[in-house]
Amino acid sequence: MKILVCISHVPDTTSKINFTNDNTTFDNNGVQFVINPNDEFGLTRAMWFKEKQNATVDVVNVGGPETESTLRKALAIGADAAFRVNTAPTDGFAVAKELTKVAQDGGYDLIIAGRESIDYNGGMVPGMMAAALGASFVNNCIAIEIEGGKATAVREIDGGKETLTSTLPLVIGGQKGLVEESDLKIPNMRGIMMARKKPLTVLKPTENKTFTASVHFEKPAPKGAIKMVDADNIDELIDLLHNEAKVI
Amino acid sequence: MSVLVYIESDNGTIKKAALEVASYGRALANTLNTSLSAVVFSSENSELLGNYGVDKVLTVDFSEKFNAKVYADIITQAAQKEQASVVVLSSSADSRYLAPMLSVGLDAGYVPNVIELPTQTQPFTVKRSVFSNKAFCKTEITTEVKIIGLSNNAFGLVEHAVSPQTESFSPKIIASEITVENIDKATNKVSIADAETVVSAGRGLKGPENWGMIEDLAKVLCAATACSKPVSDLGWRPHSEHVGQTGKPVASNLYIAIGISGAIQHLAGINSSKVKVVINTDPEAPFFKAADYGIIGDAFEVVPKLTEKLKEFKAQNA
Ligand SMILES: Cc1cc2nc3c(=O)[nH]c(=O)nc-3n(C[C@H](O)[C@H](O)[C@H](O)COP(=O)(O)OP(=O)(O)OC[C@H]3O[C@@H](n4cnc5c(N)ncnc54)[C@H](O)[C@@H]3O)c2cc1C
């Protein structure tokens with residue numbers, strides 16, 4: 001079985017979000033980048049398939065040279081080989097197109113992406129990829145098993161979950177649940193040493209077709225001051241929620 | 001030309017989020033000087049759509065369970081039939097599932113998490129939230145057909161009575177390699193995605209045995225229950241209740257946080273809720289900086305009292 005894990009290179013969850021160039025560009029200054037958390041759950045599940053079912057696991061990112069440290073981390077966690085498509089990930093569709101090409105060329109059975117990247121929160125790359133590949137797609141995937149060329153997956157739905165079966169190839173939009181938080185692996189020294197010797201291939205982008213353009217960023221207006229209510233005066237809270245906030 | 005909205009139902013009843021999408025679609029159709037069509041799969045109350053300005057209702061002649069690929073293809077056909085220039089969907093799990101496939105099917109740019117009407121139509125520019133609500137981004141959609149994913153509770157319901165024309169729609173049904181084997185859904189509970197109010201609790205509750213009071217409070221408020229990440233990691237509550245940056249997003253009208261410190265990753269996921277109330281023993285808890293109303297106090301005393309008082313309030317205002 002061949003697995004491709006799509007790795008998005010995103011600001012660490014504690015990052016301060018700022019913009020430069022007249023609020024047209026994200027400000028990388030002082031920002032620590034990590035593997036997108038949703039992708040990390042998927043990568044860890046891929047490691048399970050590698051261990052138990054002898055799968056080969058490749059990772060791919062669409063981005064500039066600065067993302068290679070993130071790909072090396074994925075190799076240190078245990079992926080076999082990495083690809084970087086050398087272009088700025090300007091919109092979800094463009095990224096999905098590049099990933100589709102890599103997925104087609106590699107003939108993967110299972111393609112794991114995250115349900116969304118925590119930077120632009122687009123949540124569209126895996127679905128677009130599946131549509132472009134003509135592969136099946138399960139979003140918000142919280143469990144996956146593969147047996148005899150067939151996949152059984154669980155999808156989180158609003159208010160519950162749904163169990164699905166599918167043929168391969170299959171694309172999933174993964175999230176926590178694919179593995180538990182405690183299953184996530186911090187790369188060890190041996191993994192880091194081995195990662196240096198694993199192949200990281202830089203690929204040329206195919207086309208630069210985009211659907212959208214991010215033109216301007218802004219930050220939310222500062223929040224008004226909090227109103228404190230005394231713990232012995234619950235009536236006041238109810239009054240505020242009813243008459244002022246009008247939410248009850 | 002038209003604007004097309006995808007109307008979702010739950011057990012045959014149109015969802016509130018779908019009526020919000022219709023309200024938005026109406027306003028957008030007015031801006032674009034065009035008409036509003038809706039595509040509806042199965043619902044008993046589609047006449048309701050006339051109250052929200054839908055000019056034409058396409059009732060799809062297809063009664064099988066939700067399958068994103070099949071539904072995306074049907075909506076693609078509906079958009080083509082209606083010559084839609086914009087398709088609007090909600091932020092439900094199902095809408096987010098099918099929207100990217102619809103985007104490829106229609107060769108149409110898709111922007112999710114949109115919070116208001118387009119800021120301009122030439123070029124067509126929408127404002128969406130990014131970086132888990134820590135920023136907004138004005139985004140141009142450069143394709144001829146556009147797809148908008150509307151954030152929950154961002155636009156609200158706007159009544160606008162018209163008499164819609166209804167039409168039965170029999171699309172071509174494509175095959176899917178995916179089979180739904182089983183759906184496990186609580187029928188008597190509001191989901192976090194659909195709830196107007198969410199009651200959320202954190203590690204301050206000390207253990208799973210103390211959630212009874214959280215459920216009681218949620219019940220009086222007809223609210224969904226949620227929790228912080230460590231609470232789900234510890235197995236005190238199911239993962240499906242985990243909210244925040246790596247859990248479910250919350251965009252409710254009222255969010256009540258009990259015994260939750262307000263870590264940046266928690267706040268990122270719940271920040272688009274309109275009104276936030278925090279109950280915490282620690283006056284230094286970061287949540288107090290992010291909330292609208294706060295009580296410094298012990299959840300074990302405050303929550304039962306709040307529930308009792310709310311019961312009285314509800315009885316008086318029924
Ligand atoms: C990559 C990453 C992603 C993350 N994603 C998320 C996410 O999506 N969602 C999320 O929630 N977290 C997330 N976290 C974790 C986050 O950083 C915090 O650790 C977590 O939110 C803390 O949960 P808590 O507030 O329940 O617990 P704590 O931080 O332990 O806070 C408990 C609070 O309860 C209060 N308290 C104690 N006793 C009482 C009482 N009797 N009455 C009232 N109050 C009381 C305390 O004063 C304290 O403020 C993430 C972390 C990382 C690194």
Side-chain angles (χ1 to χ4, degrees), chain A residues 13-14 17 19 37-38 93 118-124 126-128 130-132 136-140 142 156-167 176-177 180-182 210-220 223 226-229 231 234-235 237-238 240-242 245 247-248, chain B residues 68-69 92-93 96-97 99-101 103-105 109-113 125 130-132 134-143 177-186 189 191 193-194 233 239-240 245-246 253-254 264-265 275 288 290-297 302 305-306 309-310 313:
Chain A
T13 55
T14 57
I17 304 300
F19 302 95
N38 292 312
F93 179 73
I118 62 165
D119 49 4
Y120 290 91
N121 311 119
M124 64 184 81
M128 286 176 166
S136 302
F137 175 46
V138 175
N139 202 24
N140 292 8
I142 54 172
E156 193 168 75
I157 57 176
D158 293 336
K161 54 193 174 186
E162 188 178 83
T163 306
L164 309 146
T165 49
S166 171
T167 54
K176 189 176 95 166
E180 293 295 321
E181 180 81 19
S182 53
T210 57
F211 275 176
T212 61
S214 300
V215 286
H216 188 265
F217 294 93
E218 64 191 56
K219 301 226 272 180
K223 237 194 59 56
I226 185 169
K227 274 196 186 158
M228 296 303 294
V229 176
I234 303 285
D235 287 322
L237 179 66
I238 291 176
L240 286 167
L241 292 177
H242 182 57
V247 287
I248 58 168
Chain B
K69 182 178 170 186
S92 71
R96 284 181 193 271
Y97 188 7
M101 295 191 258
S103 169
V104 172
Y110 162 52
V111 177
N113 305 318
T125 310
V130 290
F131 293 97
S132 309
K134 283 180 239 164
F136 301 108
C137 177
K138 281 189 185 152
T139 307
E140 246 176 69
I141 310 182
T142 51
T143 47
E177 305 72 26
I178 286 195
T179 316
V180 177
E181 304 287 347
N182 178 44
I183 298 177
D184 177 7
K185 192 169 167 180
K189 274 190 89 175
S191 73
D194 295 321
D233 287 339
H239 283 313
S240 56
Q245 194 164 18
T246 53
N253 284 328
L254 173 61
I264 188 164
Q265 301 93 351
V275 175
F288 285 108
D292 303 282
Y293 302 103
I295 291 183
I296 299 169
V302 176
K305 259 201 282 183
L306 178 59
K309 294 278 186 187
L310 277 169
F313 169 84

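All chains are named by letter (A, B, ...) in the order of the sequence lines, taking the proteins before the strands, and each is independently numbered beginning at 1.
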Between [options], which has the largest tally of heavy atom pairs under 4.5 Å with chain A?
options: B:Thr125, B:Asp194, B:Thr246; answer: B:Thr246
options: B:Phe313, B:Phe136, B:Tyr110, B:Phe131; answer: B:Phe131
options: B:Gly297, B:Cys137, B:Ala193, B:Ala186; answer: B:Cys137
options: B:Ile178, B:Val104, B:Ile183; answer: B:Ile178
options: B:Asn113, B:Asn253, B:Val111, B:Val180; answer: B:Val180

Completion exercise
Whatever's closer than 4.5 Å to a heavy atom in chain B on A:Ile234 counts as side chain
Problem - Distance-only side-chain donor-acceptor flag, A:Thr13 / B:Gln245, under 3.5 Å - result: no
Handout entry: Passing option when B:His239 is tested against A:Lys161, A:Glu156, A:Glu181, A:Glu180 for side-chain hydrogen bond (donor to acceptor under 3.5 Å, both in side chains)
Key = A:Glu180
Exercise for the section: Might you point out which heavy atoms bring B:Ala93 and A:Asn140 nearest each other, and give the distance in Å? Expected result: CB-ND2, 4.0 Å
Exercise for the section: Considering non-hydrogen atoms only, spot the tightest contact between B:Pro112 and A:Gly122 and give its length. Expected result: CG-O, 3.3 Å
I'd like to know if the side chain of [X] reaches the main chain of [Y], judged simply by a donor and an acceptor atom lying under 3.5 Å from each other, with no hydrogens or angles considered.
X: B:Lys189; Y: A:Gly159; value: no
X: A:Ser214; Y: B:Thr139; value: no
X: A:Asn121; Y: B:Ser132; value: yes
X: B:Tyr97; Y: A:Gly127; value: no

Practice task
Go through the steps to decide whether A:Thr165 and B:Glu181 satisfy the test side chain to side chain donor-acceptor pair (under 3.5 Å), and finish with yes or no.
Solution key: CA-CA 7 Å; A:Thr165 49; B:Glu181 304 287 347; 2.5 Å; yes
Exercise for the section: Taking the side chain as every heavy atom from C-beta outward, state whether A:Glu162 and B:Lys185 have any pair of such atoms under 4.5 Å apart. Expected result: no
